[in-house]
Amino acid sequence: MNVRSSAAVLAAITVIGAAAPAAADSSPAPSPSQQALPSALYGESDPQYDGVWRQSLALLAQHTVGVEPPKEAVDWLAGQQCADGSFAPFRADTGTACDAKTMVDTNQTAAAVQALAALGGHDAVTGKALDWLKSVQNKDGGWGYMAGGASDANSTSVVVGALAAAGEKPAEVVKGGKSPYDALLKLALPCDTKGDGAGAFAFQPDKKGELVANADATAAGVAGSLGAGLVVEPGKGGSGAADAACEKAGTPEQAAANGAAHLTDALAAEGHLVSALPGAEDQPDYGNTADAVVALAAQGATEPAAKSVAWLEKNAADWAAQSGPAAYAQLIFAAHATGTDPRAFGGADLVKQLAATGPAAPAADAAGEKNGQEEKDEKEKDDSGSGSVVWWALGLCLAAGAGVGILVSSRKKRQQP
């Protein structure tokens, strides 16, 4: 399963684990969702935990590069909505109404909003979804993965992206006098944090109420604090201050700057983040690296973003092929945010590879293709003398029963002046 807000799913793991029966033998029968996958669905893996998420990312990525997604794929996504406006990861039978046992969540719902809002023509669906998200907002201004769960940086940030995509101002979506930005500020580690976590974001406070730096949550927190969603336009970032000393985060913008500096340090050595899964050796974290690129682009930190995109171009092909549509989408988002051509990404055409994971798609929208090429040509003309490059996961592993890995990254300690 490849989900952008990987750590956010931790809030639901207990429920998922309890619901997963132990296998009676070494060859258990496939789940209902595996027996007959919808033809309109992107990807071939079991959609039980990420169907709506990966569909949303796939459609949004195609729209971003000027490709018109297949109508049946868009209709499938919109049709997954429950009557109250929420989305579950996968509903095999949409003719059966959602009930208390339907595992709806904020992340699938917010991702669907971002995709359908971008595609247009689905105001009724996105309106109901936003109403549901607002109804389950916590009193601290944030959201948890499941309705009523403690707020976390990943879920809060993906909802911020949904609000922004639908034309709303996240700062004005308030519960208990608190906005989503207030919730994110509470999850930002202070500058006097011991060790190398200063300026990072935590997923949630730990059992002792302490904040622990988390790379996945930091990438989400930076983008969320800037009001950015999954897609960041190249050259549209903020101040670009990603190497300054950590300063007290009294505003979302300062928290984002601190978080971007943390990511910059973490990426400095090799250009990628590292995942540490329980019982496994550290290895490159492709999904979170792509998310970090988008976050840095949202901040305006073009140099570290460009370095990491170059690393992804050289190394992410096998990961994307194994992980499927959401992974291709993440790479497309990273490429788009940095002005990199996703059709020539390390010698690969990410757009074609993504399309191949879904239903037969019509030819790319001619106007979108033309405009995209004109923008690329103009950019190359503008950059010809400078060589500058301009640029917002997952890494959650849910095994058949209930396994999960917490993605964290090593970070080079920043030198304070």
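Computed over heavy atoms, backbone and side chain alike; hydrogens, waters and symmetry mates excluded.
Within 6.0 Å of NZ in K128 there are more than 12 heavy atoms belonging to other residues, nucleotides or ligands. Within 6.0 Å of the NZ atom in K175, the count of heavy atoms belonging to other residues, nucleotides or ligands exceeds 12.
Judged by distance alone, with hydrogens and angles left aside, the side-chain atoms of Q81 form no donor-acceptor pair with the main-chain N or O of A88 at under 3.5 Å. In this structure, the side chain of T156 does not engage the main chain of A153 through any donor-acceptor pair within 3.5 Å. Looking at Q299, its side chain never comes within 3.5 Å of a backbone N or O of V222 through a donor-acceptor pair. Between the side chain of R91 and the backbone N or O of T96, at least one donor-acceptor pair lies under 3.5 Å. Looking only at distances, no side-chain donor or acceptor of N315 sits under 3.5 Å from a matching main-chain atom of L312. T102 contributes no side-chain N or O that, together with a main-chain N or O of V104, makes up a donor-acceptor pair within less than 3.5 Å. Under the 3.5 Å distance criterion, the side-chain polar atoms of Q55 are matched with a main-chain donor or acceptor of Y42. Judged purely by atom type and a 3.5 angstrom limit, T106 uses its side chain to pair as donor or acceptor with the backbone of Y145. Checking side-chain atoms of T193 against main-chain N and O of P190 turns up a donor-acceptor pair under 3.5 Å. Within the 3.5 Å criterion, the main-chain N or O of F90 finds no donor-acceptor partner in the side chain of Q48.
Residues satisfying the side-chain hydrogen bond (donor to acceptor under 3.5 Å, both in side chains) test with S151, not counting sequence neighbours, are N138, D140. Not counting sequence neighbours, D318 has no partner by the side-chain hydrogen bond (donor to acceptor under 3.5 Å, both in side chains) test. In this structure, the side chain to side chain contact (heavy atoms under 4.5 Å, CB included) partners of A165, at least two apart in sequence or on a different chain, are Q114, A117. For D75, the salt bridge (charged side-chain N to carboxylate O under 4.0 Å, His left out) partners at least two apart in sequence or on another chain are K71. Shown here are the side chain to side chain contact (heavy atoms under 4.5 Å, CB included) partners of E313, two or more places apart in sequence or in another chain: V309, T340, F345. Partners of W76 according to the ring pair (Phe, Tyr, Trp, His ring centres under 6.0 Å) rule, which considers only residues two or more places apart in sequence or in another chain, do not exist here. For A188, the side chain to side chain contact (heavy atoms under 4.5 Å, CB included) partners are F201, A255, not counting sequence neighbours. Considering only residues two or more places apart in sequence or on other chains, L211 meets the side chain to side chain contact (heavy atoms under 4.5 Å, CB included) condition with L187, L189, A202, P205. Residues satisfying the salt bridge (charged side-chain N to carboxylate O under 4.0 Å, His left out) criterion with K134, sequence neighbours excluded, are E168. The side-chain hydrogen bond (donor to acceptor under 3.5 Å, both in side chains) test applied to D192 returns no partner, not counting sequence neighbours. Residues forming a side-chain hydrogen bond (donor to acceptor under 3.5 Å, both in side chains) with S39 (at least two apart in sequence, or on another chain): none.
With rounding to the nearest 0.5 angstrom, the CZ atom of F203 is 8.5 Å from the CG atom of D216. The line from CG of D152 to CG of L184 is 9.5 Å long, rounded to the nearest 0.5 Å. Between L119 atom CG and Q62 atom CD the span is 9.0 Å, to the nearest 0.5 Å. Note that the CD atom of E270 and the NZ atom of K307 stand 8.5 Å from one another [nearest 0.5 Å]. Taking CG of L77 as the start and OG of S56 as the end, the distance is 4.5 Å to the nearest 0.5 Å. With rounding to the nearest 0.5 angstrom, the OG atom of S86 is 10.0 Å from the CE atom of M146.
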>> Evaluate S45 against R54 for side chain to side chain donor-acceptor pair (under 3.5 Å), listing each step before the verdict.
In response: CA-CA 11 Å; S45 62; R54 74 191 192 210; 2.9 Å; yes
> Going through the distances and angles, do N258 and E247 end up as a side chain to side chain donor-acceptor pair (under 3.5 Å)?
Replying inline: CA-CA 7 Å; N258 292 344; E247 297 183 14; over 6 Å; no
>> Walk me through whether V74 and L116 qualify under side chain to side chain contact (heavy atoms under 4.5 Å, CB included).
In response: CA-CA 8 Å; V74 179; L116 294 173; 4.1 Å; yes
> How far apart are the C-alpha atoms of E233 and H336, what are their side-chain angles, what is the distance that settles it, and do they pass the side chain to side chain donor-acceptor pair (under 3.5 Å) test?
Replying inline: CA-CA 7 Å; E233 297 299 323; H336 178 75; 3.0 Å; yes
>> Apply side chain to side chain contact (heavy atoms under 4.5 Å, CB included) to residues K169 and L163 and explain how you reach the verdict.
In response: CA-CA 7 Å; K169 297 180 179 179; L163 293 168; over 6 Å; no
> Can N154 and N107 be said to form a side chain to side chain donor-acceptor pair (under 3.5 Å), step by step?
Replying inline: CA-CA 8 Å; N154 300 69; N107 287 226; over 6 Å; no
> Taking it one step at a time, do L296 and T302 satisfy side chain to side chain contact (heavy atoms under 4.5 Å, CB included)?
Replying inline: CA-CA 7 Å; L296 290 172; T302 59; over 6 Å; no
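Contact annotation: the side chain of V351 approaches that of P342 to within less than 4.5 Å [non-hydrogen atoms, C-beta and beyond]. Between V274 and P284 the shortest side-chain heavy-atom distance does not fall below 4.5 Å. Within the 4.5 Å cutoff, the side chain of W311 has no heavy atoms near those of the L267 side chain. When side chains are defined from C-beta on, L57 does not count as touching P325, because their heavy atoms never get closer than 4.5 Å. Taking 4.5 Å as the limit, every side-chain heavy atom of Y181 sits out of range of all side-chain heavy atoms of V173. No side-chain heavy atom of H272 sits under 4.5 Å from any side-chain heavy atom of Y286.
Between G227 and V160, the shortest heavy-atom distance links the atoms CA-CG1, 3.8 Å. Between A112 and V52 the shortest heavy-atom distance is CB-CG1, 4.2 Å. When all heavy atoms of A220 and S157 are compared, the closest pair comes out as O-OG, 2.8 Å. For G85 against T109, the heavy-atom pair with the smallest separation is O-CG2, 4.0 Å. In this structure, T218 and G259 approach most closely via the heavy-atom pair CG2-O, 3.5 Å. The two atoms that bring L37 and G43 nearest to each other are CD1-O, 4.3 Å, heavy atoms only.
Applying the disulfide (SG to SG under 2.5 Å) rule to pairs touching residues 43-138 yields C82-C98, sequence neighbours excluded.
Tested against S308 for a side chain to side chain contact (heavy atoms under 4.5 Å, CB included), the candidates T264, V293, L263, L273 yield a single pass: V293.
Annotation: W53 is not in aromatic contact with F87 [ring centroid separation under 6.0 Å not met].
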